[in-house]
Q: 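Below you'll find the structure I mean.
Note that the structure is a prediction, hence the values are computed from the model and not measured. Order of the sequence lines fixes the chain letters, A, B, ..., with proteins taken first and strands second; residue numbering starts at 1 for each chain.
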Amino acid sequence: MSEGKTYLDELNDVQRQAVTHTEGPVLVIAGPGSGKTRVLTYRIAHLIETGVAPWNILTLTFTNKSAREMKERITNVVGESGNKVWAGTFHSIFARILRYEADKIGYTSNFTIYDTDDSRSVIKGIIKEMNLDPQQYNVNGVGARISKCKSSLIPPSSYETNENMMAADRKSNRLHFHAIYKKYTAKCKKADAMDFDDLLYQLYRLLVSEPEIKKKYQERFKYLMVDEFQDTNQLQYGILKELVTYDKSPNNICVVGDDAQSIYAFRGATIQNILNFEKDFKNLTTYKLEQNYRSTHHIVQAANDVITFNKKQIKKKIWTDKVEGTKIRVIRALSDTEEGKRIADTILEHKNRHHLSNKEIAILYRTNAQSRIFEEYLRRYNLNYKVFGGLSFYKRREVKDLLSYLRLVINPKDEEALKRVINYPKRGIGNTTLQKVVDFANAAGETLWNAFDKIKLPTRTKNTIIGFQQMITIAAKKAQTDDAYTIASEIAKKSGVYDSLKSDTSPEGLGRFENLNSLLNGIKDFVENDEVGADNSGDKSLSSYLQNIALLTDFDQAEASTDYITLMSVHSAKGLEFRSIFVVGLEEQLFPSFMSMESQDDIAEERRLFYVAITRAEEFLTLSYANTRYKFGKMAYNQPSRFLEEISNENIDSDIPVRQNTKEKMRSGVMGNFKKSRRTAGVAGLMVDPATFKASPVEDIQVGMKIMHMKFGEGKVLSIDGTPRNRVATIFFKGVENPQRKIMLKFAKLQIVT
DNA sequence: TAGGCTGTGGTTGCG
DNA sequence: CCACAGCCTA
C-alpha cells in the first residue's frame, strides 16, 4: 500500500480531517453509522504511512471483538506491519504490561486473573469469616462497591478520608465495608491474583508510583487512540492521562465516542470524561461525524426525534442522504405470546417480500429473559436463529472446573481455583475439612496450599490431599516444557474430571461432557494453530494459554457460514447493524426498565439505549409492545413505552393511534399529566384482609424490616430518608406494578411482619 | 459428607 | 415461573 493514498479518497471531508490531524489532542464525536471504525483504522494506517513506527501506536477498545476487527482492518490497509501496532482491549493491553512489570508491585508474571465469580466468592468468604450479616452485606452489593472504589481511584488506604464513602456507609449502616475492602485487597495479593478492576487499577498505581516506568511507556506510546470513549470510567481516563500528560508532551491522543450512545453508566462509565477531556487538553480539536451511512431517512429521523428528549447532550445533528425508505412499523400485541407470534409472522412476510436472509434480521430486547417466546415461534416457523448472551462458555461450571485445575498448576496460590477443585470430583474433602483448613490458613497467615502441608488431619484425609497436591506439582513441573494441550488432557484424565463427566448420561450431563471436549479441542487448537495469541508471543505453554483466555468472554467459533436470525439484548447489539431490526417489549417498566424509574438520569440512559437499538437498523425497523406480559409467574399490565410517543408521526406507519408531536406536548405540560395518570395506575383492590390487619407504630419501622401494606401487601423496607418528622421509607413490594415505592411514614399504615 | 428440599429473589454486562 | 443458595437430614 505504498503508491497512491487511495484510502483518503474513501473518506468524507470531516473523516479525512480527523484521519490526517495526527498531532495533538483530537476528539471525534461519531454518530451511529458515521464510519467511526473506518476513521480509526485509516488514522492508524495514515500514521504508519507517514513514518510512525507501528509499535509506537496504542489503540484501546472495550471488547475483544472490536479489537479483533480493528487489527484485521489495519492489516488489510497497511499489511503485515499492522500486526505490530499495540491494539487491544484496555484489560488485555494493561494485563500484558502488568505481567511484564509484575515484580515492581509484588506480583509474579504468572498472576491469575479472577473473573467476577471468583471475586464474588472471595468476598463471600470474607463476610462469613467476619461474621457479618449476609443480608446487610450482600455479596453483589459489596462487590459493586469495591469495584466502584477502584474505578474512582479510592484505595483502601485513603478510604477513611473519603467523606462521601464514609457517609454512605454510615447511612446504609455498613460500617465494616472498609474492613472488607482491605481484606479483599490483601487476599487477592496473597493469591497472586488480580480482578478485572485491578488490571486497570494496579497499572495506574504503578504509573503513579514509578516515574521511570511511566516514562518508559510514555515514550513507547507516542500516539494513543481510544474507541468508545463515552464508556470509559474515571480510572481508565486517569491512566490515559498519566500516559499522555507530561512535560513537553505532544499530547497525541485521539478519542472517539458518542455521548448519545453511552449506555454503561451503571457500571461506572461517565460522560464527565468527555467534558473533562475538553478541559484537560486546551489545544483540543473536535470533529463531528454527523453523516449516517447506515440507515434510511425515516430511521435517522426517528432516532433524532427520540434523542432530543435528553436535555444534556453534545450538540449535533445526524443526517443521511439515503432514500426516505420504509416508515417505522409499530405492532401492538395483547399478550407477550401474541407479540412473539406477530413478530415471527412479520419476519416471514419480510423475508418473502424483501428477500431478506436470516442473517440480515435481528430481534433486540431489553432483558435476556424475553428471548424465550421468540425462540418458540421461530422454531415453530422453522426459522433458524441464534441467541446471544446468557452464560458464556468460559463461565460454565464444567469449563471453569477444568480451567481451575489448570490455573492451580500455574499458580498454586490461587485460592479460588483450589477451593473449586479440591473436592471435585468428589474425593472426600467436604466443607467441614475445607473450613478447618481455611481457618487454619487465616490464623497462620498462610496460603491455602501451604496450610494443607502444615495442618494436622486424619490420615485418610491427609493422604488424599497429598495425592491431590502431587498431581498438581507433577503437572506444574511438566508444564515448564510440555505444551498446554498435553498438560490439560493429562490433568483432565488424572483428576477424574473427564471420567466423571463421561459417565453422566443425563441430558445436561451430555452437554457438559461436550463442553469439556470443546474446551480441550480449543486448547489443542491453540497449540497446533500457528496463529499468535493475544500476547503476540507464539508461546504454546499452559501459562500462555491461560493468559490468552482469561480475558475472553464468548466462544465465537467459525460459524459465520450458517444463516440465522440474531436474538440479543440491546446492550450487546451496540456496534452492530442489520437490514431489519425488531425492537420488542416496548413497555413502561420493561423498556424503560422498572429499575430506572426513579431518576431522570436513569431514564435518559434508557433513552440512549433505545437510541442505540433503533440506529442498528439499515432499512426496516419494527417496534412492538404487549399489553400484558408474564413476569415472575404473575401477569403484569403495562402501558406502551414513552419512547414510542417520542417518535414523531411522520416517521411511523402504525395500525394503532400514536400520539403526535409529543415534543410540543411535553413543553406544554400535557405529557406530564399523561405520565401522572399512567404512573398511578396501580393495584386497585386490597391485598390484605382489613379484619386481621393491625398497623404498627410508625416509629418502630426500621430499614430491613418486612412489613405489610393494606394495598400493596408484603414489602421490604429498603431505606428511610427525610427529616425525623417527615420520614420517607422506600419499600419494595413484591408482585406489584412499580414495586419500589416511597411511602410517607406519618400517613402510612404498616404492619411489621419481621 | 452428600443429596434433597425449601425459600428467596430476580436489569442491562466488557474484561 | 425458574434458578440457585443454604439448610436439613440420612
Q: OP1 or OP2 of B:dG15 versus the side-chain N and O atoms of A:Thr116: is any pair under 4.0 Å?
A: no
Q: Write down the protein N/O and nucleotide N/O pairs, taken from nucleotides 5-9 of chain C, whose separation is under 3.5 Å; answer none if there are no such pairs.
A:
residue: C:dG6; atom: OP2; partner: A:Lys124; partner atom: NZ; Å: 3.1

Q: Are A:Thr89 and B:dC14 close enough that a side-chain N or O sits under 4.0 Å from OP1 or OP2?
A: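 For B:dC14, OP1/OP2 do not have a side-chain N/O of A:Thr89 under 4.0 Å.
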Q: Do the side chains of A:Arg407 and A:Glu416 get close enough for a salt bridge, i.e. N-O under 4.0 angstrom?
A: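 Salt bridge absent between A:Arg407 and A:Glu416.
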Q: Record whether the side chain of A:Arg366 comes under 3.5 Å of the base of B:dT12 through a donor-acceptor pair of N or O atoms.
A: yes
Q: A:Asn368 side chain N/O closer than 4.0 Å to the phosphate oxygens (OP1, OP2) of B:dG13?
A: yes
Q: In this structure, how many angstroms lie between the P atom of B:dC14 and the CZ atom of A:Phe90, rounded?
A: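 Atom CZ in A:Phe90 sits about 16 Å away from atom P in B:dC14.
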Q: Quick check: on DNA chain B, is the nucleotide nearest A:Glu606 upstream (toward 5') of the one nearest A:Asn431, or the reverse? Name the residue that is more 5'.
A: A:Asn431
Q: Donor-acceptor pair under 3.5 Å: do we get one between A:Ser569's side chain and the base of B:dG13?
A: no
Q: Could you check whether A:Thr432 gets within reach of a base, just the sugar-phosphate, or nothing at all, counting any heavy atom under 4.0 Å?
A: base
Q: Could you give the CZ-to-C1' distance, from A:Phe632 to B:dG9, as a whole number of Å?
A: 8 Å
Q: When the distance from CG of A:Leu203 to C1' of B:dG15 is rounded to whole Å, what number comes out?
A: 15 Å
Q: Using a 3.5 Å cut-off and no angle test, enumerate the donor-acceptor pairs between side-chain atoms of residues 430-437 of chain A and protein atoms at least two apart in sequence or in another chain.
A:
residue: A:Gln435; atom: NE2; partner: A:Asp439; partner atom: OD1; Å: 3.3

Q: Quickly work out the A:Asn64 CG to B:dG13 C1' distance and round it to whole Å.
A: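 Roughly 14 Å, once rounded to whole Å.
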Q: Quickly work out the A:Phe94 CZ to B:dG15 P distance and round it to whole Å.
A: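 Result: 14 Å.
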Q: If you only use heavy atoms from C-beta on, which nucleotide in B:dG3, B:dG15, B:dT12 is closest to the side chain of A:Lys426?
A: B:dG3
Q: Answer yes when A:Glu605 and A:Arg608 have at least one side-chain N-carboxylate O distance shorter than 4.0 Å, and no when they do not.
A: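 A:Arg608 and A:Glu605: salt-bridged.
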Q: In whole angstrom, give the distance that lies between atom CZ of A:Phe591 and atom P of B:dT11.
A: 16 Å
Q: What's the CD-C1' distance between A:Gln261 and B:dT12, to the nearest Å?
A: 16 Å
Q: Do other residues, nucleotides or ligands put more than 12 heavy atoms under 6.0 Å from A:Arg379 CZ?
A: yes
Q: Does the ring of A:Phe266 meet both stacking tests against the six-membered base ring of B:dT11: centre distance under 5.5 Å and plane angle under 30°?
A: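 Not stacked: fails the 5.5 Å / 30° test.
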Q: So does A:Lys36 pair up with A:Asp227, basic N to acidic O under 4.0 Å?
A: yes
Q: Are A:Asp198 and A:Lys150 close enough for a salt bridge, meaning some N to O gap below 4.0 Å?
A: yes
Q: Among residues at least two apart in sequence or on other chains, which ones pass ring pair (Phe, Tyr, Trp, His ring centres under 6.0 Å) with A:Phe90?
A: A:Phe62, A:Phe94
Q: From CG of A:Asp227 over to P of B:dG15, roughly how many Å is that when rounded to an integer?
A: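 Those two atoms, CG and P, are 12 Å apart.
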Q: Give a yes or no on whether the ring-centroid distance for A:Phe266 and A:His571 is below 6.0 angstrom.
A: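 Yes, the ring centres sit under 6.0 Å apart.
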Q: Please classify the nucleic acid contact of A:Ser593 as base, sugar-phosphate, or nothing, using heavy-atom distances under 4.0 Å.
A: base
Q: Would you indicate, yes or no, if B:dT1 has its OP1 or OP2 atom less than 4.0 angstrom from a side-chain nitrogen or oxygen of A:Asn423?
A: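 Result: no.
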Q: What nucleotide among B:dT1, B:dG15, B:dT12 has an atom nearest to a side-chain atom of A:Thr433?
A: B:dT1
